[in-house]
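To start, the structure under review is shown below, and the notes come after it.
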Amino acid sequence: MTKQRIVSGMRSTGKLHLGHYIGVLQNWVKLQDDYECFFFIADWHALTTKFDDTDSLKQNIRDITMDWLACGLDPEKSTIYLQSLVPETAELHIYLSMITPQNWVERDPTLKDMAKILRSNENEAPSVSYGLLGYPVLMSADIMMFNADCIPVGSDQIAHIEITRDIANRFNRIYKTDFFKEPKPKLTEVPLLKGIDGQKMGKSFHNDIKLSDTEEDTTKKIKQAITDRNRIRKTDPGNPDNCEVVFPYYEIFAKYDQITKTCEECQAATRGCADCKMQLASIVNDYLRPMREKRHELEKNPEYVDDVIREGSKKARIVAQDILAHVRELVKMY
Ligand code: TRP
Ligand code: SF4
């Protein structure tokens, strides 16, 4: 039986944090055995908002690649590639942009949110570009470039995938074909990992733990994590259900008996929050240690990392060229 095909990507905007790992990467790593996987670094999508800040573009690409490999994405199992090294995607994007009604992109809710954030950051010129408006169309090109069956993404990307399904259907209808599949989002039930301040984890909020942070930095950050706000003194009994960040982290990273012990000692006031956080820091550091060690090895070997990107992109291109040739035929290009 042929394996179903998966495509997914991440924008290269910096080093990845624990939220990326728990929310997305861990899932990708597992999918590698059962699906034919294409994972790519969306450097063009990074440009939709960071077009004027390209000094760090190359380093960001290397960083995300190292984070991926350190987490267990395996170039022997999956095709790991760079979006801009598969320029067929750009040509497909052009055909798709011709058939996409303007109001489909304008009503994309994820894009509306992005535009709102951009507008609130800006002091002078408007920064929502033509390219940003085409974000979901470019994403559709990424997905349709490999005629993927499913897309493992977080729930924030569902609206985009809906547009992709609509575009795929419209292409099929207009060019009288059934060539493109209707790609399905593949959601997994993952616990939401909050930032240490209890808000959504994100690097711009300075509340994230990076996969590549040192153990000392990790410990420092966890020491600032929010606990049960009603527990003032160590002698007050705590309530793990009201513990905003620390206890939920235990539930994700600690072993079963560590979780129950934490719960008991918290409620009996035999464990203080400072101590509880120190223990958590050591659990999280143990959890991340193998990935961090692997990442250090990769940092010493930039040629290998570069090779992974280039070889993966070559492999991806062969598949993409085949699909693009077919698309050109269907559209009846010269
Ligand atoms: N928009 C996605 C994100 O911000 C990244 C992305 C670009 C993507 N193209 C894609 C994800 C295609 C899945 C499929 O995370
Ligand atoms: Fe949270 Fe631990 Fe403090 Fe209890 S002891 S409130 S679980 S940090």
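By convention here, the first residue in the shown sequence is residue 1. Whatever order the structure lists them in is the order used to number ligands and atoms, beginning at 1.
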For Val153, the atoms of ligand 1 under 4.0 Å from one of its heavy atoms are 13 (C)

List every atom of ligand 1 that sits less than 4.0 Å from any heavy atom of Ile151, numbering the atoms from 1 in the order shown and giving each element.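 Near Ile151, the atoms of ligand 1 are 13 (C), 14 (C).
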
Could you report the tightest heavy-atom contact between [X] and [Y], atom names first, then the distance?
| X | Y | answer |
| --- | --- | --- |
| Cys150 | Tyr35 | SG-CE2, 4.0 Å |
| Leu324 | Leu92 | CD1-N, 4.2 Å |
| Ile41 | Thr65 | CD1-OG1, 3.2 Å |

Output yes when the distance from some N or O of ligand 1 to some N or O of Asp142 is under 3.5 Å, and no in every other case.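 Checking ligand 1 against Asp142, an N or O pair does fall under 3.5 Å apart.
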
Closest approach of any protein heavy atom to [atom], naming residue and atom:
| atom | answer |
| --- | --- |
| atom 4 (O) of ligand 1 | Tyr135 OH, 3.2 Å |
| atom 10 (C) of ligand 1 | Met139 CG, 3.2 Å |
| atom 2 (C) of ligand 1 | Gln157 OE1, 3.3 Å |
| atom 6 (C) of ligand 1 | Gly9 O, 3.9 Å |

Kindly work out whether a path of hydrophobic side-chain contacts (I/L/V/M/F/W/Y, heavy atoms less than 4.5 Å apart) joins Trp28 to Val7.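 Unlinked, Trp28 and Val7 end up in two clusters.
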
Which N, O or S atoms belonging to the protein are less than 2.8 Å from atom 4 (Fe) of ligand 2? Cys266 SG

Indicate, with yes or no, if the rings of Phe146 and Phe40 have centres closer together than 6.0 Å.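 Distance test on ring centres: not under 6.0 Å, no.
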
With no hydrogens and no angle check, just 3.5 Å: does a side-chain donor-acceptor pair link Asn285 and Arg292? yes

If you count the non-hydrogen atoms of other residues, nucleotides and ligands that lie under 6.0 Å from CZ in Arg289, is the total more than 12?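 Yes, enclosed.
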
Going by the salt bridge (Lys or Arg N to Asp or Glu O under 4.0 Å) test, name the single residue among Arg165, Lys3, Lys186, Lys181 that passes it with Asp149.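 Of all the options given, the one that passes is Lys181.
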
Parallel under 30°, tilted from 30 to 60°, perpendicular over 60°: which one fits the rings of Phe171 and Tyr175? tilted

Check the orientation of Phe253 and Tyr249. Use parallel for under 30°, tilted for 30 to 60°, and perpendicular for over 60°.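 Phe253 and Tyr249: tilted rings.
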
Would you mind telling me if ligand 1 is within reach of the side chain of Ile143, the backbone, both or neither, using heavy atoms under 4.0 Å? side chain

